[in-house]
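Side chains are part of it too, since the values below use all heavy atoms of this structure and drop only hydrogens, waters and symmetry mates. So you know, we letter chains A, B, ... as the sequences are listed, proteins then strands, and number each from 1.
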Amino acid sequence: MSGSGHLFERLRHKLLAALEALCKAGELPVSDVSGVGVDVPKERAHGDIATNAALVLAKPARKPPLEIAEMIAREMRKDESFEKVETAAPGFVNFTLKPESVVAELTEVLREGENYGKNTSGAGKKVNVEYVSANPTGPLHIGHVRGAVFGDALANLLEWSGFDVCREYYINDAGLQVDVLARSTFLRYREALGEDIGKIPDDMYPGEYLCAVGKALAQEHGESLLEKSESEWLPAVRKTAVALMLKMIKEDLQELGIVQEYFASEREVLERGGVERVLERLSEKGLLYEGVLEPPKGKEVSDWQPREQTLFRSTAFGDDTDRALKKADGSPTYFVNDIAYHFDKFERGFSEMIDVWGADHGGYIKRQQAAVEAMTDGKGCLDIKVCQLVRLLRDGEVVKMSKRAGTFVTLRELVGEAGRDATRFMMLYRKNDAVLDFDFAKVVEQSKDNPVFYVQYAHARARSVLRAADEMPELRDKDAARDFAGLRHPKELDVIKQMAVFPHVAENAAKAHEPHRIAFYLYELASAFHVLWSEGKRDPSLRFLNPEDCKTTLDRVGLIRGVSRVLSNGLGILGVEAPEEMR
RNA sequence: GUCCCGGUAGCUCAGCUGGAUAGAGCGACUGCCUCCUAAGCAGUAGGUCAGAGGUUCGAAUCCUCUCCGGGACGCCA
């Protein structure tokens, strides 16, 4: 096979060309081909690749699907890369590749190397992925980890699809909670100056990580802040505290290998007049009005009083109720700040935005999407990925966590115990909208029961063979261009076919914003490789390295090089190490 | 009360934006190391895809309702 793009893409192009030919010949009226897809059939007996083209086109063409399938098959048989092109009820066309076509894909893998699997569907378009965005009031804990890993892997995946990705963190540095942080820090500042502060009041952050911030303040300001009133010292203390909290958070993220490049400050968005612009713009569109909200249902709100305030007509965009943008006293709500922030992103050139949120914010999706649509006249697109809760298990028992009791597990503790790779892989080995169990005992287990290990082990095994091959004098200076004619065993071809699916999986995973598909794919590829390996135990003629037969050995070395390449490319998307050997 | 997310083998979960006889792993039973990492592989058993309707050539997948589990609802952030 030749041409551009990966195997599946090429086949689809050929298919579309065949359809066009049939259309021109007047045999088959074809108008819309958007539903035509190529995929791996579930049943091996159905060949290597299948298409639903005939089924999709049957109705508009007013012809029986099987008849169309026959026409397509007849057309596609002209292509020499297929061993068989068959039709099957109710109207599938199944393609079986010639071994030469299969191994040609291995040549592609080796030629493209670290770029194998990339695609250009993003076409350099800017996309903004915002994740973590934890309040800068303390260290990250386990609740933040899933979103952090998910967002990071998604960003990698989008880059893999040719998007121009910005990894962003939104700093909530304008709300009441950072004032609480400042007061809590001020307490630690007085402590650092030798005062006995006693028990930390309930309305302050008790964490000891603030002691260092208090000391830093003492060093910077001496005792000078003590004489000032709160309104005088608070802004300075807040600024220092937020900056140091953010530094700590960035260090936490580094533990996971995460580095974001843009840190958006809520305060700065506000200072640039973001809120005023939101109100103006929505007002111009007639989407603001003064009104009274219904009291919230299902939750007793003791101090509820109906009050007139400025509301945004978000129901016009699918929200369940209109939302307040101003409090009764006229000050802006958090929501309006968030709208300003998202509009800020849009104005920075991101018409495509992705937010990664925790499950507890699920109720805010509709209003935020409504706001983006309203503010950008539908030109901005916001996808919000919600990561469900992580249940931490130790020996099969749920680890109960409480912030108050100080028993919540921090990111550092988690990564320290489970390791970066296991943490990242396991956080991605589940789709984002399902609750995830994270079992300490399992994620560090060195066995096939642990998918992280299983995949990494496959890579390590591959590398060990390659090291052994490097030691073989028989193979020296013979690494010329290969036709891989020595690779004809079905199990060998299976591994290559599995490799060939990678670009297809990566592209679809990126389109769906679902990095977990990469993790599951890698497990399958690892499995195909482990199978081949074991086959060599059973049948010595399948062993990879054979000094008696340099030609076949070199072909197989190429195969293994390909496996290790695809595994490491895929693990790279997940941000997981592809190890040379297991320790 | 309303909204969001789940419900698939005994357990934990995939199922690629409607396709073929619904797939893995664990657990259970049975096998495979004079041989590149057995840290692995092979085989057997196991399902009314929560339930009921609907849409169509075709539904685990889409729509409606019901049941079960989780999360959420504010002028907080």
Side-chain angles (χ1 to χ4, degrees), chain A residues 35 37 39-43 45-46 50 52 55-56 58-59 64-65 88-92 94 135 137 172 174-178 266 293 295-299 301 303-305 307 309 319-321 323-329 331-335 337-338 358-366 386 388-389 429-437 439 442 445-451 453-454 456-458 460-462 464-469 501 504-505 507-509 511-512 514 516-517 519-521 523-524 527 530-538 540 543-546 556 560 581-582:
Chain A
D39 255 307
V40 180
K42 276 189 272 192
E43 285 290 322
H46 294 141
N52 61 349
L55 292 159
V56 175
K59 183 171 270 185
F92 290 99
N94 297 325
N135 281 338
T137 55
N172 291 118
L176 292 176
Q177 81 284 356
V178 283
E266 178 182 14
L293 285 175
K297 303 260 170 94
K299 193 182 169 187
V301 180
D303 57 347
W304 178 264
Q305 282 184 2
R307 277 174 281 208
Q309 51 198 132
D319 199 2
D320 306 311
T321 171
R323 306 290 174 178
L325 297 189
K326 282 187 188 175
K327 303 177 192 175
D329 66 5
S331 61
T333 62
Y334 177 83
F335 179 43
N337 291 359
D338 245 4
D360 53 341
H361 287 68
Y364 295 79
I365 295 175
K366 285 184 184 174
V386 170
Q388 288 296 327
L389 301 175
Y429 199 60
R430 193 109 314 170
K431 58 185 174 202
N432 60 286
D433 40 18
V435 177
L436 181 148
D437 283 349
D439 192 327
K442 281 194 183 143
E445 192 174 306
Q446 306 240 314
S447 80
K448 67 190 170 72
D449 302 350
N450 178 359
F453 178 83
Y454 187 81
Q456 287 190 319
Y457 179 46
R461 265 186 154 175
S464 93
V465 176
L466 295 176
R467 279 195 299 275
V501 182
H504 190 237
V505 171
E507 183 170 353
N508 286 333
K511 276 190 182 129
E514 290 183 351
H516 76 273
R517 292 189 198 180
F520 282 94
Y521 165 77
Y523 186 89
E524 282 177 29
S527 177
H530 285 310
V531 167
L532 179 60
W533 182 292
S534 299
E535 208 58 28
K537 299 241 172 225
R538 188 160 312 155
R543 284 173 57 93
F544 301 132
L545 306 179
N546 177 8
R556 289 178 177 162
I560 293 167
E581 54 190 333
M582 303 307 287

(request) Verify the contact: side-chain N or O of A:Y457 to OP1 or OP2 of B:rC41, cut-off strictly under 4.0 Å; return yes or no. (result) no

(message) Is there aromatic stacking of A:H361 on B:rA72 here, judged by a ring-centre distance under 5.5 Å and a plane angle under 30°?
(response) no

(message) Which heavy atom of A:K327 sits nearest to which heavy atom of A:P332, and what is that distance?
(response) CE-O, 3.6 Å

(request) Check side chain to side chain contact (heavy atoms under 4.5 Å, CB included) between A:Q309 and all other residues, then give those that pass, not counting sequence neighbours. (result) A:L293, A:L311, A:A324

(message) List the residues meeting side chain to side chain contact (heavy atoms under 4.5 Å, CB included) with A:K442, not counting sequence neighbours, and say none if there are none.
(response) A:D439

(request) Could you check whether A:N450 gets within reach of a base, just the sugar-phosphate, or nothing at all, counting any heavy atom under 4.0 Å? (result) nothing

(request) Mark yes or no for a side-chain to base donor-acceptor pair under 3.5 Å between A:N337 and B:rA77, with no hydrogen or angle criteria applied. (result) no

(message) Both A:P540 and A:V56 contact RNA chain B. Taking the nearest nucleotide for each, which residue is further toward the 5' end?
(response) A:V56

(request) Could you state the atom-to-atom distance from CG of A:D320 to P of B:rU2 in whole Å? (result) 11 Å

(message) Please report the distance separating the P of B:rU61 from the corresponding atom of B:rA50, rounded so that it comes out in whole Å.
(response) 8 Å

(request) Enter syn or anti for the glycosidic conformation of B:rC33, syn applying to angles within 90° of 0. (result) syn

(request) Go through B:rA38, B:rC36, B:rA77 for me and flag the one nearest to the A:R461 side chain. (result) B:rA38

Taking only nitrogen or oxygen atoms into account, show me every contact under 3.5 Å that the protein makes with nucleotides 8-15 of chain B, one pair per line with its distance.
| residue | atom | partner | partner atom | Å |
| --- | --- | --- | --- | --- |
| B:rU12 | O2' | A:R430 | NH1 | 3.4 |
| B:rC13 | O5' | A:R430 | NH1 | 3.0 |
| B:rC13 | O3' | A:R430 | NE | 3.4 |
| B:rC13 | O2' | A:R430 | NH2 | 3.3 |
| B:rA14 | OP1 | A:K431 | N | 3.2 |
| B:rG15 | OP1 | A:H516 | NE2 | 3.0 |

(message) Please tell me if A:R467 has a side-chain N or O lying less than 4.0 Å from either OP1 or OP2 of B:rU37.
(response) no

(request) Send over the distance from A:D433 CG to B:rU17 C1', rounded to a whole Å. (result) 13 Å

(request) State which of B:rC3, B:rA38, B:rA39 makes the closest approach to the side chain of A:F453. (result) B:rA39

(request) Rounded off to whole Å, could you give me the CG-to-C1' distance for the A:D360 and B:rC5 pair? (result) 13 Å

(message) For A:H530, give me all partners under ring-ring contact (aromatic ring centres under 6.0 Å, His included), at least two apart in sequence or on another chain.
(response) A:Y454, A:Y457

(message) Considering every strand and a 4.0 Å limit on heavy-atom distances, what is the contact class for A:A58: base, sugar-phosphate, or nothing?
(response) nothing

(request) Have a look at A:K366 and say if it touches a base, only the backbone sugar-phosphate, or nothing, with a 4.0 Å heavy-atom cut-off. (result) sugar-phosphate

(request) Classify the nucleic acid contact of A:L176 as base, sugar-phosphate or nothing, counting any heavy atom under 4.0 Å across all strands shown. (result) sugar-phosphate

(message) The criterion is ring-ring contact (aromatic ring centres under 6.0 Å, His included); which residues satisfy it with A:Y429, sequence neighbours excluded?
(response) A:F425, A:F520

(message) Using a 4.0 Å heavy-atom cut-off, does A:A359 contact any base of the nucleic acid, only the sugar-phosphate backbone, or nothing at all?
(response) sugar-phosphate

(message) What contact category does A:A50 fall into here, base, sugar-phosphate, or nothing, at under 4.0 angstrom with non-hydrogen atoms?
(response) base

(request) List in chain and number order the residues that pass salt bridge (Lys or Arg N to Asp or Glu O under 4.0 Å) with A:R430, two or more places apart in sequence or in another chain; answer none if no residue qualifies. (result) none

(message) Applying ring-ring contact (aromatic ring centres under 6.0 Å, His included), can you list everything that pairs with A:F335, at least two apart in sequence or on another chain?
(response) none

(message) Applying a 4.0 Å non-hydrogen cut-off, can you work out what A:H530 is touching in the nucleic acid: base, sugar-phosphate, or nothing?
(response) sugar-phosphate

(message) If the condition is side chain to side chain contact (heavy atoms under 4.5 Å, CB included), which residues does A:V40 pass it with, not counting sequence neighbours?
(response) A:F8, A:V501

(request) Mark this stacking check for A:F544 against B:rC36 as yes or no, applying ring centres under 5.5 Å and ring planes under 30°. (result) yes

(message) Between A:S464 and B:rU37, is there a contact of a side-chain N or O with OP1 or OP2 at under 4.0 Å?
(response) yes

(request) Heavy atoms only: give me the nearest A:Q177-A:T137 pair and the separation to one decimal. (result) O-CG2, 3.8 Å

(request) For A:I365 and B:rC4, give me the distance from atom CD1 to atom P, rounded to whole Å. (result) 10 Å

(message) For the P atoms, the ones on B:rG6 and on B:rU64, what distance do you get once it is rounded to whole angstrom?
(response) 14 Å

(message) With a cut-off of less than 4.0 Å, is there a side-chain N or O of A:K327 near OP1 or OP2 of B:rG74?
(response) no

(request) Please name all residues satisfying salt bridge (Lys or Arg N to Asp or Glu O under 4.0 Å) with A:K511, sequence neighbours left out, ordered by chain then number. (result) A:E507

(request) Assign A:Q177 to base, sugar-phosphate, or nothing according to its heavy-atom contacts below 4.0 angstrom with the strands shown. (result) sugar-phosphate

(message) Among B:rA39, B:rC41, B:rC76, which nucleotide has an atom closest to any side-chain atom of A:Y454?
(response) B:rC41

Detail all sub-3.5 Å separations between protein N/O atoms and N/O atoms belonging to nucleotides 25-33 of chain B.
| residue | atom | partner | partner atom | Å |
| --- | --- | --- | --- | --- |
| B:rC26 | OP1 | A:K448 | NZ | 2.2 |

(request) Round to the nearest Å and state the distance from A:L389 atom CG to B:rC4 atom C1'. (result) 13 Å

(message) Using the P atom as the point on both nucleotides, what is the distance between B:rU21 and B:rG25, in whole Å?
(response) 23 Å

(message) Quick check: do A:D39 and A:H504 have side-chain heavy atoms less than 4.5 Å from each other?
(response) yes

(request) Report the secondary structure of RNA chain B in dot-bracket form, marking unpaired bases with a dot and bases paired to a different strand with |, and treating Watson-Crick or G-U pairs with both distances under 3.5 Å as paired. (result) (((((((..((((.....[...)))).(((((.......))))).....(((((..]....))))))))))))....

(request) Let me know the distance between CD of A:E445 and C1' of B:rA39, rounded to the nearest Å. (result) 10 Å

(request) For A:A324 and for A:V505, find the nucleotide of RNA chain B with the closest heavy atom, then tell me which residue's nucleotide is more 5'. (result) A:V505

(request) Can you measure from NZ (A:K537) to CG (A:L532) and round to the nearest 0.5 angstrom? (result) 12.5 Å

(message) When the P atoms of B:rU34 and B:rG51 are compared, how many Å lie between them, rounded to an integer?
(response) 49 Å

(message) In this structure, how many angstroms lie between the C1' atom of B:rC41 and the CG atom of A:L532, rounded?
(response) 11 Å

(message) From OH of A:Y364 over to C1' of B:rG71, roughly how many Å is that when rounded to an integer?
(response) 12 Å

(message) Tell me every residue that passes side chain to side chain contact (heavy atoms under 4.5 Å, CB included) with A:A468, counting only those two or more places apart in sequence or in another chain.
(response) A:L545

(request) May I ask you to say what A:K59 touches in the nucleic acid, namely base, sugar-phosphate or nothing, with a heavy-atom cut-off under 4.0 Å? (result) sugar-phosphate

(request) Choose from B:rA20, B:rA77, B:rU37 the nucleotide whose nearest atom is closest to any side-chain atom of A:E581. (result) B:rU37

(message) Any non-hydrogen side-chain atom of A:Y364 less than 4.5 Å from a side-chain atom of A:D338?
(response) no

(request) Ignoring backbone atoms, test whether A:R323 places a side-chain nitrogen or oxygen under 4.0 Å from the OP1 or OP2 oxygen of B:rG74. (result) yes

(request) Drop me the distance from A:D319's CG to A:I365's CD1, to the nearest 0.5 angstrom. (result) 11.0 Å

